[in-house]
Amino acid sequence: MVERSSKFLLIVVGSVCFMLILYQYVAPGVINFGSPHGYFTEEDEGDIFPTPDPHYVKKYYFPVRDLERTIDFQIKGEDVIVFLHIQKTGGTTFGRHLVQNVRLEVPCDCRPGQKKCTCYRPNRKETWLFSRFSTGWSCGLHADWTELTNCVPGVLNKKENKQKSLRKFYYITLLRDPVSRYLSEWRHVQRGATWKTSLHMCDGRTPTPEELPSCYEGSDWSGCTLQQFMDCPYNLANNRQVRMLADLSLVGCYNMSTVPEKKRAQLLLESAKKNLRDMAFFGLTEYQRKTQFLFERTFRLRFIRPFMQYNSTRAAGVDLDNTTVQRIEELNELDMELYDYAKDLFQQRYQYTRQQERRQQRIKNHILWPSRRTEEAGSRLPTEDYMNQIINRW
C-alpha cells in the first residue's frame with residue numbers, strides 16, 4: 001500500500017514538473033518565479049537590461065535632439081510604424097516580436113498557417129504597423145528607404161480606400177556588424193536565396209539590366225563559394241546597409257555614370273547617416289536587450305517576453321583567415337563606417353535614456369520622502385514636547 005502511494009506521488013510530482021517545463025518552453029520569459037506577481041512587469045525590467053558602461057568613450061558628438069527619442073505614439077490616431085527590413089540583420093525575429101510580442105489593448109491577430117498577421121488599431125480596422133508580417137512586401141521584397149518613403153503612403157491609402165494626409169510615419173530598422181551580415185548573406189545565397197523579385201524602384205522606374213547586372217546565370221547562385229561571392233563587382237551584398245538606408249535619388253539611382261565613384265560613395269554614406277539619425281528608432285543585432293529597451297522607451301510600448309541574444313549564427317560558424325576578413329571589410333567599407341557611427345549613437349542613446357530614467361526616479365523619490373519625513377516627525381512630537389517641558393522646568 002505504501003509502495004503504491006509512493007508511486008502515485010511520484011507520478012503527480014513528475015506531471016507537475018513536466019507541465020512547468022512545457023509552459024516555460026511555450027511561453028519563455030513570460031513567467032518569472034523571482035517576481036511576487038509571477039510575470040515580467042516594469043518593476044522587474046531593471047534586472048534584465050544591462051547597466052551602461054561608465055567607461056564608455058564617445059567617438060562622435062551628438063546633440064540632445066539626436067539622443068532624445070520619446071514618441072507619443074498614437075495607436076488610436078494616425079501614427080504608423082514602418083519597419084525597413086535589411087537582409088540578414090535579424091529582421092525576421094524582430095518582425096515577429098512586433099506582431100506577436102507587444103503588449104497591446106488589441107493584439108495582432110496571427111493565425112496558424114498564415115504568413116501575415118492583422119494588426120488593427122483598437123478603435124477601427126486600420127493598420128498601425130507596416131512590415132513584412134503585417135502588410136507583407138507591399139512595396140517590394142526588402143524595400144529600401146528610397147522605395148518605402150515613396151511607396152508607403154499610397155499603399156495605405158489604397159488598402160484603406162481613403163486619402164490620409166495627417167498620417168505620421170515612424171521609420172525603424174536594425175543594423176548588424178557588416179562582416180557577420182555579409183557572411184550570413186553569402187550562406188543564404190549559397191542555399192539558393194536570390195531576392196530577384198526585389199523591385200529596386202527609384203525615381204519612378206526599376207534599374208535596367210545594364211545598370212544592375214546579375215552575378216550568376218540560371219535561376220539562382222546556389223553552391224557559390226565565398227571567393228565567387230566576393231569577386232562579383234555587381235553584388236548588392238556589398239555595402240548593402242548604406243545603400244538601403246540612403247536616398248538613392250541623390251546619386252542618380254543605379255546609374256553609375258551620373259556621379260563620380262568617390263563622390264557617389266560619400267553622398268550615399270552621408271545620406272545613410274542622416275536618415276538613420278532621423279529615424280524614430282534603430283536597433284543593433286548584437287545588442288538585443290538594449291534594442292528592446294530603446295524601442296520600449298521610444299514608443300512607450302512594452303514587450304511581453306524579453307529579447308534573447310543568440311550569438312551562435314551561421315556567420316559565426318565560418319572560419320576565416322585575416323586576409324579574407326580584410327577583403328570583406330574593404331568590400332563593405334561604407335557599411336563599416338556606418339556601423340561604427342550607428343554603434344556610437346546607439347550606445348549614447350542607451351546611456352542617455354537610462355540616465356534620464358534614473359534622474360526621474362530620484363525626483364520622484366525626493367517628492368515622496370518629505371511626506372514620509374513629516375509623518376515620522378508627527379509621530380515623534382509627543383516625545384519632543386515632553387522633553388521640552390522638562391527642559392523648561394529646569
Side-chain angles (χ1 to χ4, degrees), residues 56-57 59-60 86-92 142 144 173-196 198 200 211-218 220-246 248 251 254 256 259-273 276 282-288 309-347:
Y56 180 76
V57 179
K59 292 185 178 181
Y60 300 90
I86 301 172
Q87 288 95 316
K88 313 315 295 177
T89 58
T92 298
H142 286 286
D144 55 33
T173 194
L174 290 184
L175 294 182
R176 186 181 180 184
D177 167 72
V179 175
S180 297
R181 199 215 64 79
Y182 188 85
L183 290 171
S184 185
E185 180 164 343
W186 161 59
R187 280 293 184 89
H188 201 54
V189 169
Q190 194 180 46
R191 295 192 302 273
T194 62
W195 298 300
K196 58 186 176 184
S198 296
H200 305 298
E211 290 174 335
L212 195 59
S214 177
C215 286
Y216 57 90
E217 295 179 357
D220 58 45
W221 205 5
S222 57
C224 73
T225 65
L226 179 56
Q227 190 62 49
Q228 290 172 329
F229 194 73
M230 292 189 295
D231 286 345
C232 178
Y234 319 112
N235 195 341
L236 290 178
N238 301 342
N239 294 312
R240 180 179 288 280
Q241 296 180 100
V242 165
R243 180 181 57 80
M244 291 188 68
L245 287 174
L248 299 180
V251 293
Y254 292 89
M256 300 297 177
V259 181
E261 185 179 355
K262 285 188 177 180
K263 186 177 180 181
R264 177 186 176 87
Q266 192 60 34
L267 286 171
L268 288 174
L269 179 59
E270 292 305 317
S271 177
K273 285 181 178 180
L276 184 74
F282 73 88
L284 299 182
T285 310
E286 289 77 16
Y287 300 94
Q288 289 293 312
Q309 186 72 54
Y310 298 107
N311 293 321
S312 180
T313 62
R314 289 186 174 89
V318 180
D319 291 326
L320 301 174
D321 53 44
N322 292 334
T323 304
T324 305
V325 172
Q326 187 176 352
R327 175 63 177 154
I328 295 173
E329 289 176 347
E330 290 172 355
L331 290 170
N332 293 273
E333 183 181 0
L334 300 182
D335 270 12
M336 294 294 292
E337 189 168 340
L338 175 67
Y339 186 78
D340 184 65
Y341 179 86
K343 187 176 177 181
D344 190 49
L345 176 56
F346 179 86
Q347 297 288 12

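Numbering of residues begins at 1 and proceeds along the displayed sequence. Quick caveat: nothing in here was measured; it's all calculated off a predicted structure.
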May I ask you to test the Leu236-Leu212 pair for a side-chain heavy-atom distance under 4.5 Å? yes
How far apart are the C-alpha atoms of Leu175 and Phe346, what are their side-chain angles, what is the distance that settles it, and do they pass the side chain to side chain contact (heavy atoms under 4.5 Å, CB included) test? CA-CA 11 Å; Leu175 294 182; Phe346 179 86; over 6 Å; no
Only counting residues at least two apart or in another chain, list the ones meeting salt bridge (Lys or Arg N to Asp or Glu O under 4.0 Å) with Asp340. Lys59
Sub-3.5 Å donor-acceptor pair from the side chain of Arg191 to the main-chain atoms of Arg187, do we have one? yes
Residues at least two apart in sequence or cross-chain that pass side chain to side chain contact (heavy atoms under 4.5 Å, CB included) with Asn239, listed by chain then number, are Asn332, Leu334, Asp335
On a heavy-atom basis, the closest approach of Lys273 and Leu338 is CG-CD1, 4.0 Å
Does the side chain of Val189 reach to within under 4.5 Å of the side chain of Tyr216, using non-hydrogen atoms? no
Taking all heavy atoms of Gln190 and all of Cys224, pick out the closest pair and write down the distance. NE2-O, 3.1 Å
Test side chain to side chain contact (heavy atoms under 4.5 Å, CB included) applied to Ser198 - qualifying residues, sequence neighbours left out: Leu141, Trp195, His200
Heavy-atom distance under 4.5 Å between the side chains of Gln347 and Tyr287, does that happen here? yes
Looking only at heavy atoms, the pair that brings Leu276 and Ala342 closest together is CD2-CB, 3.5 Å
Once ring pair (Phe, Tyr, Trp, His ring centres under 6.0 Å) is applied, do any residues pair with Tyr182, and if so which ones, sequence neighbours excluded? Phe229
Under the side-chain hydrogen bond (donor to acceptor under 3.5 Å, both in side chains) test, which residues partner Gln266, sequence neighbours left out? Glu270
Minimum heavy-atom distance between His188 and Lys88, given as atom pair plus value: ND1-NZ, 3.8 Å
Hey, what do you get for CG (Leu174) to CD (Gln288), rounding to the nearest 0.5 Å? 7.5 Å
Across all chains, not counting sequence neighbours, the side chain to side chain contact (heavy atoms under 4.5 Å, CB included) partners of Thr92 are His85, Arg96, Arg132, Phe133
CE-CD distance between Met336 and Gln241, expressed to the nearest 0.5 angstrom: 10.5 Å
Are any non-hydrogen side-chain atoms of His142 and Ile86 less than 4.5 angstrom apart? no
Value for OG (Ser184) from CD (Gln87), rounded to nearest 0.5 Å, stands at 10.5 Å
Pairing residues for Glu286 by the side chain to side chain contact (heavy atoms under 4.5 Å, CB included) criterion, not counting sequence neighbours: Arg176, Asp177, Leu284, Tyr339
Would you compute the distance between atom CG of Leu331 and atom CG of Asp231 and round it to the nearest 0.5 angstrom? 8.5 Å
Answer yes or no: is there a side-chain heavy-atom contact under 4.5 Å between Thr324 and Met230? yes
Taking only residues two or more places apart in sequence, or in another chain, which ones meet Asn322 in a side-chain hydrogen bond (donor to acceptor under 3.5 Å, both in side chains)? none
What pairs with Tyr60 under ring pair (Phe, Tyr, Trp, His ring centres under 6.0 Å), at least two apart in sequence or on another chain? Tyr341
Leu183 versus Leu320: any side-chain heavy-atom pair under 4.5 Å? yes
I'd like to know if the side chain of Thr285 reaches the main chain of Thr89, judged simply by a donor and an acceptor atom lying under 3.5 Å from each other, with no hydrogens or angles considered. yes
Is it true that atom NZ of Lys263 has more than 12 heavy atoms of other residues, nucleotides or ligands lying nearer than 6.0 Å? no
List the residues meeting salt bridge (Lys or Arg N to Asp or Glu O under 4.0 Å) with Glu211, not counting sequence neighbours, and say none if there are none. Arg205
With sequence neighbours excluded, what pairs up with Glu185 under the side-chain hydrogen bond (donor to acceptor under 3.5 Å, both in side chains) test? Arg181, Arg240
Sorted by chain and number, sequence neighbours left out, salt bridge (Lys or Arg N to Asp or Glu O under 4.0 Å) with Arg243 holds for none
Side chains of Leu268 and Leu245: does their closest heavy-atom pair fall under 4.5 Å? no
Taking it one step at a time, do Asn235 and Trp221 satisfy side chain to side chain contact (heavy atoms under 4.5 Å, CB included)? CA-CA 12 Å; Asn235 195 341; Trp221 205 5; 4.1 Å; yes
